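Small disclaimer: the values here were computed from a predicted structure and weren't measured. The sequence lines fix the lettering, A, B, ..., with proteins before strands; numbering per chain opens at 1.
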2 protein chains.
Amino acid sequence: MAVDLHSFYGIIEVIMKKKKISIKDIAKELGVSITTVSFIINGKAKEKRISDAMIKMVEDYVAKIGYRPNHLAQSLRSGKSKVIVFMVEDISNSFFSTIARLIEEKAFDNGYKIIYCSTENEAKKAIELIETFKSRNVDGFIITPTLGLESQIKNLLSENFGVILFDRWIPSLDCSHVIVENEKSCFEGTKHLIDNGCKRIAFITLESDQTQMKDRLLGYQRAMGSFGLDPLVFEEPFHTSSEEFMGDQIMDFLKIHEDVDAVFFATNYLAFEGLHAFRKLDKRIPDDLQVLSFDDHFFFGLYQPSISAIAQPIELIAETLMEGILNQLNSKIPNQSTRVELPNQLIQRKSTLKKHMD
Amino acid sequence: MAVDLHSFYGIIEVIMKKKKISIKDIAKELGVSITTVSFIINGKAKEKRISDAMIKMVEDYVAKIGYRPNHLAQSLRSGKSKVIVFMVEDISNSFFSTIARLIEEKAFDNGYKIIYCSTENEAKKAIELIETFKSRNVDGFIITPTLGLESQIKNLLSENFGVILFDRWIPSLDCSHVIVENEKSCFEGTKHLIDNGCKRIAFITLESDQTQMKDRLLGYQRAMGSFGLDPLVFEEPFHTSSEEFMGDQIMDFLKIHEDVDAVFFATNYLAFEGLHAFRKLDKRIPDDLQVLSFDDHFFFGLYQPSISAIAQPIELIAETLMEGILNQLNSKIPNQSTRVELPNQLIQRKSTLKKHMD
DNA sequence: TTGAAAGCGTTACCAG
DNA sequence: CTGGTAACGCTTTCAA
């Protein structure tokens, strides 16, 4: 029985399950040129006026052997990868992971893949990640910038990557960003507490230079000022997430300021800590203390009493981000930086309540 | 003034900020061969007995211009990428995202990068993702398998990728996996409720064929059986996460079974829905109803009353996974499939309580 | 001790 | 209409 060498190797390869079929193998097997196969696979057959017979032959064979192009090689050659990086502070935060999911969907519809990663707010890690992805030819970056990322992002911009910041931004940089109306919403949130009859309203935030945090604080301060009330701010230096000490810092703060009748949290995990603290202090909500938090969370609806919150427009953020980055990637002209600021929504629950006059 | 063409292009490139320096440019600039540069960059200088002077010259220049190797090209050539894919059902689930973070740390220490992705439990999406990553030469996969992924995973195995399953596994497949003692813990959880004096214990789970869900149910059933109690199981068909209808199915179930005195949830988000339902039904915990949930969550400690739960050993899972996959990737011998089953911990809080005899 | 050159799997230019 | 072939940036064998 005659077995030619070609088939023989074929058999070996099948047994080893090692060899991946390449465009070259297809060309050889079919006796046509690599170029032709490439054109057909990439849907340029019509454009290149390749005969229908040829197209069918190649397509059938490709389907039969289940050929998959090697993306690595494609990227290396074309400089594009159809990959967008979604780099946030912490992907386990539900705000970010929800946006990630929405973005992924939109990306997929446009032929893009999303790769997520978390910076943990460390510039070093973020820089490392950016470099890695750059050297893998990703097309664009969606980033919640940490401090110290300015020059990296400037580089990305000048190297013509798609870049769009969100949640916060870098004022010194002319880079597109999508944020929410932090200041305005916090003004309104504070006003809501004041309208309810609260006089001694504490604002609990993180010690942070990030724009969104500063804007939130600003909104609170402006509201207090315009109603003639003294601001009372606590900036938590570290976010100790150990359950054991959760809320201890806030508790100490509240012990010193016994007269506080409302607390406004700048972000939801601070509120979780706060709720722990209130419990240890036996504070009743909303009778002893009214509670409002920035950044809604499904727990706020489940907690008893339910907690009022300022909800960010998550779907809208995701849409705007994808629209923005796809625009950048599809247009030939250099990046025009755009700024979008989206409105939030105050969701009133049981933790904030108009006080009875007495 | 004489400007040679070489410098001229250099200037143009700087202005355009487009050109990336390659190993070739370095070699040309320094007047040495590409090979030499490559050896030095990859730390093989000593091994190849390259002169110290040469090493210093190249290293200094590399540092000066901030050269970064192109990972794409490296992967294409070497077939390796130092990337491990972490593919779970839903990265926004805190169980998975916490593991992701722990894994990432370990991976980083070993020179690997982690890419996360979510399957949303759709085989189609999972297959798509696996194919994409395969064609990007990733080295290994850590997967929570969905149904219908059997043949894909078999392929991965035979193509010598590192593969390790977790959370659940595929019995028909000889593939390494890391899981927890689902059955045993649910037996013990159920026994805990029985010991507390509960007689009519409902088990609320998802309609699912996944191994971990089936094992949890089994543990409950075995416990009920061995204490002579009738099992009462509700399998929620769909996980409607819309807040509006949250818990409605569970509420209907409880309305029919008024005599239930304890509920054991097979996973934490079912418990969240359940808590919603209990509230609408005005059930008091633990007096009317004792509550226990599989898979602990920080919210269980915060809720009032706090909810007892069975905690999975998250750190241990992450460690075991990384150890397993690194072993696979570093060893030359074909994958030996290993199975690890880790113990859980019952965390007793206020929702489960020994009933007073009366 | 160093260098030339062959590939990895594609794409795309140019020829015929 | 189809085919050669030079890149893309790197690793690695072999030769000098």
Taking the side chain of B/S51 as its heavy atoms from C-beta onward, which of D/dA6, C/dT2, D/dT12 lies nearest to it? C/dT2
OP1 or OP2 of C/dT2 under 4.0 Å from side-chain N/O of B/T36: no
Comparing B/A73 with B/I34, nearest DNA chain C nucleotide closer to 5' gives the residue B/I34
Side-chain N or O of A/Q74 closer than 4.0 Å to phosphate OP1/OP2 of C/dG9: no
Specify the separation, in whole Å, of atom CG of A/L72 and atom P of D/dA7. 21 Å
In whole Å, what is the span from the NZ atom of B/K46 to the P atom of C/dT2? 11 Å
For D/dG3 and A/S33 - does any side-chain N or O of the residue sit under 4.0 Å from the phosphate oxygens OP1/OP2? yes
Counting only side-chain N and O atoms of B/K44, is one of them less than 4.0 Å from OP1 or OP2 of D/dT11? no
Calculate the interatomic distance between B/I26 atom CD1 and C/dG3 atom P; express it in whole Å. 14 Å
In whole Å, I'd like the distance from the CD1 atom of A/I41 to the C1' atom of C/dT10. 10 Å
Of the candidate nucleotides C/dC8, D/dC1, D/dC10, which contains the atom at the shortest distance from the side chain of B/Y67? D/dC10
Parallel, tilted or perpendicular: ring planes of A/F86 versus A/F166, cut at 30 and 60 degrees: parallel
Closest listed nucleotide, where the reference is the side chain of B/R49 and the choices are C/dT10, C/dT1, C/dA12: C/dT1
For the side chain of B/T35, starting at C-beta, report the closest nucleotide among D/dT5, C/dG3, C/dG9. C/dG3
Protein-nucleotide distance (A/E29, atom CD; C/dG9, atom C1'), rounded to Å: 18 Å
Which nucleotide wins on minimum distance to the side chain of B/F39, given the candidates D/dT12, D/dC8, D/dG3? D/dT12
Separation of atom NZ in B/K80 from atom C1' in C/dC8, rounded to whole Å: 14 Å
Using whole Å, what does the distance between atom P of nucleotide C/dA12 and atom CZ of A/R77 come to? 7 Å
Which residue lies more 5' along DNA chain D, comparing A/S78 with B/K48 via nearest heavy atoms: A/S78
